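Everything numeric here is computed off the predicted structure, so don't read it as measured data. The basis for the numbers below is simple: all heavy atoms, side chains too, and nothing from hydrogens, waters or symmetry mates. Convention: sequence-line order gives letters A, B, ...; per-chain numbering from 1.
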There are 2 protein chains.
Amino acid sequence: MPFTYEYERPSLTVDCVVFGLDETDLKVILIERGVPPFQGKWALPGGFVKPSEPLEEAARRELQEETGIEQAFLEQLFTFGDKDRDPRGWTVTVAYYALVKLSDHRIQATTDASDAKWFPVAAIPALAFDHEKIFRVALERLRGKVRYQPIGFELLPEKFTLTQLQKLYETILRQDLDKRNFRKKILSMGLLLDTNETQQDVAHRAARLYRFDRHRYEELRQKGFNFEV
Amino acid sequence: MPFTYEYERPSLTVDCVVFGLDETDLKVILIERGVPPFQGKWALPGGFVKPSEPLEEAARRELQEETGIEQAFLEQLFTFGDKDRDPRGWTVTVAYYALVKLSDHRIQATTDASDAKWFPVAAIPALAFDHEKIFRVALERLRGKVRYQPIGFELLPEKFTLTQLQKLYETILRQDLDKRNFRKKILSMGLLLDTNETQQDVAHRAARLYRFDRHRYEELRQKGFNFEV
DNA sequence: TCAAAAGTGTTAACCATACACCCATGC
DNA sequence: GCATGGGTGTATGGTTAACACTTTTGA
C-alpha cells in the first residue's frame, strides 16, 4: 500500500454518456458491469483516472477500452461528487458526453466489447451508481446545445441528406419541423457543401448528399455569426 | 499519516470566479496568497474539499471563509486536472463561477477578509496556478450565458432601474444597445415587476425601480419561452 | 403505374432595427 | 434655467411560419 497522505483524498473517475443516432432513435451506449459493486447492472462506460492523466484523455481511453470507440466528439459535462454516489467511498467523477457516428461504430461496440449495448434514450434500464442522473444531465445538455451549436453533424455520417439532418433535429428535440422552412434555413447559413453525389440503392428518388463545412463555420463564428436551428 | 491507498489519488480543490458589477466595471474578487506555493500572488478564492463534502457546498464554504460572501448565485463551471497545474502534485480542481450583488458585498470583501480585492476584468494581475485560464473560461461562460438566461439580475440589487439593467448588458457584452429597443424587448417579456417606487437622491428625474419576477420566469420557461437579450 | 421520398415558392404575420425629442428633477 | 438622465413611438426591412404540389426513381 504505497500511497499515504496526510489528508483523506477521493478516488477520481471519468464517465461517458455516448450518444448515437440511428434511423429511428437517439441511443446511448451502456456497459454491463462484470464486477462489484453493481455487478450485472448496466452502467455508463468509465473508470479510474490514472495519476496525472489529463481528464479528457482518461475519458477517451476508457471509451476505447470499454466500447472500442476511438473517434468521437467529446465534451466535459459536469463533475459529480456527492457523498453516497459510490458505495466504495468518496469518489468524484468527471462526466463527459460524446457524440459518435453510429454508422461507423454500431458493429464495433457490439462485437469487440461484447458487454456494450446501445439503448434508446426513451428506454434506459436502471443504472449503477448515480448514472441515471448523469445520463439525464447529458441528455438535457445535448437538447439544449444542439439548437445553437452545430454539434448535430457529429451524429451523422460525413455525407448526409437534408432529410437525415432534419430527422436528427426532430428526434433530439422531439418536435416536427417544416421541410421547406428547414431546408431554406439550413442552406441559407452556407455551412453545407454540396458533394454533387446522391444516395445509392434507395427505392425512390435519390437525395443529394451534403457535407458540413467546419472551416466555413469557424470563419463565420468569428465574425459573430450564431448557428441556430 | 493516516490515509493510505492502494492507488495514487489526487488532491481535490474548488475554486470560484466571483463576478460583481459596479457603476463602471465588471469585477472579479481575488485573494492575495499568504502561504506557498505562489505566496504573495493573487489567486481565485478556493481550497481543499473536505472528505465527502458536496462540491457546491465546498465552493460556498471557501467563498464564505475567504471573502465573507454568503449569498451568491453559484454554478459549476469546469473541472481542471492537468498535470502541472499545481507544483505540489496531482491536484484536480472543480471550478465554479458566482454572481454577487456588489452593492451588498463591496464592504465585507474589503474588510472581513483584508486580503480580498475586487479587480476589473480588464485589469486582472498575473494569477497563481492555472487561475488565469479558469478566469478566462468563466468570463467566456458568463458572456455566453447572460444573453439567453436571466442570470444578469444576480448582479443587480433586488430593485433596479432599466438603465442599470441595460448598462449591465452593455458592460458584459461590450456593445452598446439602443435604449428604446432594449426597454421594449425587456418589458415585453413580462418578467419585470414594477415596484411603483423610484430612485432616491438623484440629481435628475428619478427612474422607476423594477424587480425580476423569478416565479413568472419559471412558468414561462416551462411553456417553452426562451429568454434572450 | 405505383409507392416513396425529394425537391421547390409565395404570402402574411411578426419582429428587429433605426432613429430624436420632450419630461421630470435637483441644483 | 440648466444640466442630467428618464421616458416614449413609428416606419422600414428582414425573418419566420404556414402551407401543397410536382418530380424522380426503383420495384
*Take the protein atom CD of Gln199(B) and the nucleotide atom P of dA24(C), then report the distance between them rounded to whole Å.*
16 Å
*If you pin Leu162(A) and Ala203(A) to their nearest nucleotides in DNA chain C, which one's is more 5'?*
Ala203(A)
_side-chain contact (heavy atoms from CB on, under 4.5 Å), paired with Val18(B), selected from Ile29(B), Thr67(B), Leu30(B)_ = Ile29(B)
*Starting at NZ of Lys179(A) and ending at C1' of dC21(D), how long is that distance when rounded to a whole Å?*
11 Å
*Between dA6(C), dT8(D), dA27(D), which one does the side chain of His204(A) approach most closely?*
dA6(C)
*Between dC19(D), dT8(D), dG5(D), which one does the side chain of Arg180(B) approach most closely?*
dT8(D)
_Reading DNA chain D from 5' onward, which residue's closest nucleotide shows up sooner: Gln164(B) or Ala206(A)?_
Gln164(B)
*Which part of the nucleic acid, if any, lies within reach of Arg208(A) when heavy atoms closer than 4.0 Å are counted: base, sugar-phosphate only, or nothing?*
sugar-phosphate
*Hey, does the side chain of Gln200(A) reach the backbone of Thr198(A) with a donor-acceptor pair shorter than 3.5 angstrom?*
yes
*Could you tell me the separation between the CZ atom of Arg183(B) and the P atom of dG6(D), rounded to a whole number of Å?*
7 Å
*Length of the line joining Glu23(B):CD and dG5(D):C1', which is rounded to integer Å*: 15 Å
*Greater than 12 external heavy atoms within 6.0 Å of Glu197(A)'s CD*: yes
*Expressed in angstrom and rounded to an integer, what is the separation of Lys185(B) atom NZ from dC14(C) atom C1'?*
14 Å
*So, is Thr163(A) close to the dA6(C) phosphate, meaning a side-chain N or O under 4.0 Å from OP1 or OP2?*
yes
*Counting side-chain heavy atoms from C-beta on, which of dG9(C), dT24(D), dG9(D) comes nearest to Arg205(A)?*
dT24(D)
*Distance, rounded to the nearest Å, where Phe160(B) contributes CZ and dG6(D) contributes P*: 14 Å
*Record whether the side chain of Lys184(B) comes under 3.5 Å of the base of dT10(D) through a donor-acceptor pair of N or O atoms.*
yes
*In whole angstroms, how far is the P atom of dG6(D) from the CZ atom of Phe182(B)?*
12 Å
_Rounded at 0.5 Å granularity, tell me how far CG in Leu127(A) sits from CZ in Phe135(A)._
8.0 Å
*Nearest-angstrom distance from the residue atom CG of Leu177(A) to P of dT16(D)*: 14 Å
*At what distance, to the nearest 0.5 angstrom, does CG of Leu63(B) lie from CD of Glu70(B)?*
9.5 Å
*Indicate, with a heavy-atom threshold strictly under 4.0 Å, whether Asp201(B) touches base, sugar-phosphate, or nothing.*
nothing
